[in-house]
Amino acid sequence: MTRLVVVSNRVADLSKGSQSGGLAVAVGDALQERGGLWFGWDGNVTAQSRRLPANVHKDGPVTTVTLPLTQKDYKEYYLGFSNSMLWPILHYRLDLARFNKGDLKGYRRVNSKFADALRPFLKPDDVIWVHDYHLIPLAAELRQRGLPHKIGFFLHIPFPPPDVLAAAPEYEWLLRTLFSYDLVGFQTHADVANFERHVLAQGGEVMADGQVTAFGRTIMVRRFPIGIDVDAFAEMAVTREAREEIGRLKRHQPAGSHIIGVDRLDYSKGLPDRLRAFERLLELYPENHRRVSFLQVAPPTREDVEAYADIRLELEGLAGAINGRFGEYDWTPLQYIHRNVPRSTLAALFRGSQVGLVTPLRDGMNLVAKEFVAAQDEADPGALVLSRFAGAAEELQEALVVNPYDVDEVAAAMQTAITMPVEERRNRHAALLRRIRQYDAKSWQDDFLKVLDAVPTGPAA
Ligand code: ADQ
């Protein structure tokens with residue numbers, strides 16, 4: 001089997017095992033199995049502008065190679081083009097996108113630096129798997145250096161239609177660079193369909209078997225909905241420590257039903273609308289007073305980007321207003337935690353809650369929805385309220401699927417979830433559990449790598 005090289009903006013700590021989520025679980029297994037190399041930013045920002053040597057760390061069959069970013073790279077590539085331009089545009093938030101020519105230069109510069117730094121570590125037969133919006137032009141940079149490797153790309157976040165993405169500066173260049181890959185993977189059918197619209201608008205061709213031709217090159221394009229390690233997450237929810245956590249939750253918040261939300265504090269996650277929907281629940285269905293409590297865990301993220309500071313203030317204001325209006329000396333309707341929480345605690349909190357509230361305005365997939373399902377007690381499961389704009393809604397149709405912008409609809413779905421008979425909860429949960437098992441983290445990475453291994457490499461664009 002050929003060696004796997006994973007490239008992503010950040011490199012996860014594989015030694016943390018089940019404590020790490022997302023990408024670490026999903027690609028960690030493949031790296032361990034095939035042997036491989038994980039390359040990316042080490043998370044440090046240096047004052048020096050001269051290039052520092054990469055840190056190389058070998059742990060069994062896996063080598064990690066990481067680099068710091070300079071202040072300028074951090075500002076332009078990371079905070080600027082990646083997170084103040086691409087992230088909002090790819091989440092359909094043109095109103096929040098901030099364009100700056102210097103940022104675009106920085107984005108190109110860091111992709112070029114990554115290609116230079118990665119090159120000496122590559123062996124002729126390596127298969128390269130690049131992740132996410134920070135690194136869209138990386139394959140084009142590698143091809144410019146004459147590298148003939150098989151290269152796949154997976155986009156973890158949504159891919160919007162031409163009318164939206166065309167607002168990105170150098171939009172055609174960005175699209176063209178995707179054609180330097182051999183395989184491009186998206187989370188959903190909707191994302192693949194959007195990509196095909198771009199291709200047709202460029203005069204390209206879309207074939208029935210997933211092959212797509214444009215800019216003189218044919219590549220494979222497919223959906224690979226990312227999943228979780230269901231058993232590992234479920235196990236975390238039933239340990240002795242987890243049972244104690246659930247006991248504590250119930251003692252401190254003895255209300256009858258617990259609603260839980262867990263998201264990075266990102267404007268794409270729809271948190272202000274979610275809090276307003278909870279307020280509507282208390283207005284429209286007063287029987288929930290003293291009986292329902294809502295815990296929102298929202299750790300800080302990208303606080304150096306302006307739009308993120310704004311949402312924090314908005315959320316704190318809303319949380320205070322709701323508790324001020326409805327709270328009693330012995331009932332706090334809403335708890336808001338602005339911190340990271342160990343994943344084992346999250347698993348316990350999911351299991352101890354009757355309603356999982358996952359209402360992003362836009363999300364590539366949303367793994368929290370799948371984790372909530374995995375953590376439930378099959379005999380007495382909680383119900384999932386899920387935004388139709390989360391990629392997960394394509395698969396998780398047995399959830400209560402809602403429009404997150406319509407706070408009355410979300411409040412009504414919460415009420416349905418709170419009052420749902422156990423039989424219906426069991427049926428819905430069994431169907432959801434089947435779905436998340438059908439295509440889990442392992443199937444996702446196996447499937448992507450199987451398709452990447454099988455695609456022919458075309459001539460470099
Ligand atoms: P994210 O936007 O980060 O990921 P998500 O898929 O929900 O969103 O994954 C978040 C992960 O972080 C989950 O595993 C969750 O348990 C964990 N987490 C959240 N809050 C936490 C807290 N307070 N403490 C500890 N852990 C916490 C991006 C895309 C998604 C896509 C994933 C994977 O935006 O759409 O599903 O990548 O492709």
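All ligand and atom numbering here is 1-based and tracks the order in the structure. The chain is numbered in sequence order, starting from 1.
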Just to be sure I'm reading this right: ignoring hydrogens, which of Asn340, Leu367, Leu346 gets closest to atom 6 (O) of ligand 1? Compare them by their nearest heavy atoms.
Leu367
Pull out every atom of ligand 1 sitting under 4.0 Å from any heavy atom of Arg343, numbered as shown with elements.
14 (O), 16 (O)
Taking atom CG of Leu118 and atom NZ of Lys113, what is their separation to the nearest 0.5 Å?
15.5 Å
On the ring face of Trp38, is Arg10 found with NZ or CZ under 6.0 Å from the centre and within 45° of the axis?
no
Taking only heavy atoms of Gln187 into account, list the atoms of ligand 1 that are under 4.0 Å away from them.
31 (C), 38 (O)
Does only the side chain of Trp87 get under 4.0 Å from ligand 1, or the backbone, or both, or neither? Count heavy atoms.
side chain
So, the side chain of Asp132 versus the backbone of Leu155: is there a donor-acceptor pair under 3.5 Å, distance only?
no
Pairs of nitrogen or oxygen atoms closer than 3.5 Å, one from Pro299 and one from ligand 1: do any exist?
no
Among Leu90, Ile228, Val262, which one puts a heavy atom closest to atom 20 (N) of ligand 1?
Val262
Going by the order shown, which atoms of ligand 1 are within less than 4.0 Å of some heavy atom of Arg264?
1 (P), 2 (O), 3 (O)
Between His91 and Phe389, does the ring centroid distance fall short of 6.0 Å?
no
Show which atoms of ligand 1 fall inside a sub-4.0 Å distance from at least one heavy-atom site of Gly364.
35 (O)
Report the part of Val368 in contact with ligand 1, treating N, CA, C, O as backbone and CB onward as side chain, heavy atoms under 4.0 Å; options are side chain, backbone, both, neither.
both
Heavy atom under 4.0 Å from ligand 1: found in Arg339's side chain, backbone, both, or neither?
backbone
Output, in order, the C-alpha distance, side-chain angles, deciding distance and verdict of side chain to side chain donor-acceptor pair (under 3.5 Å) for Tyr74 and Asp304.
CA-CA 11 Å; Tyr74 175 68; Asp304 294 342; 2.8 Å; yes
Just wondering, are more than 12 heavy atoms of other shown residues or ligands nearer than 6.0 Å to CG in Asp209?
yes
Ionic contact status for Arg425 with Glu398, cut-off 4.0 Å:
no
Can the ring centroids of Phe186 and Phe224 be said to lie less than 6.0 angstrom from one another?
no
Heavy-atom contacts with Val297 under 4.0 Å: which atoms of ligand 1 show up? List them by number with element.
23 (N)
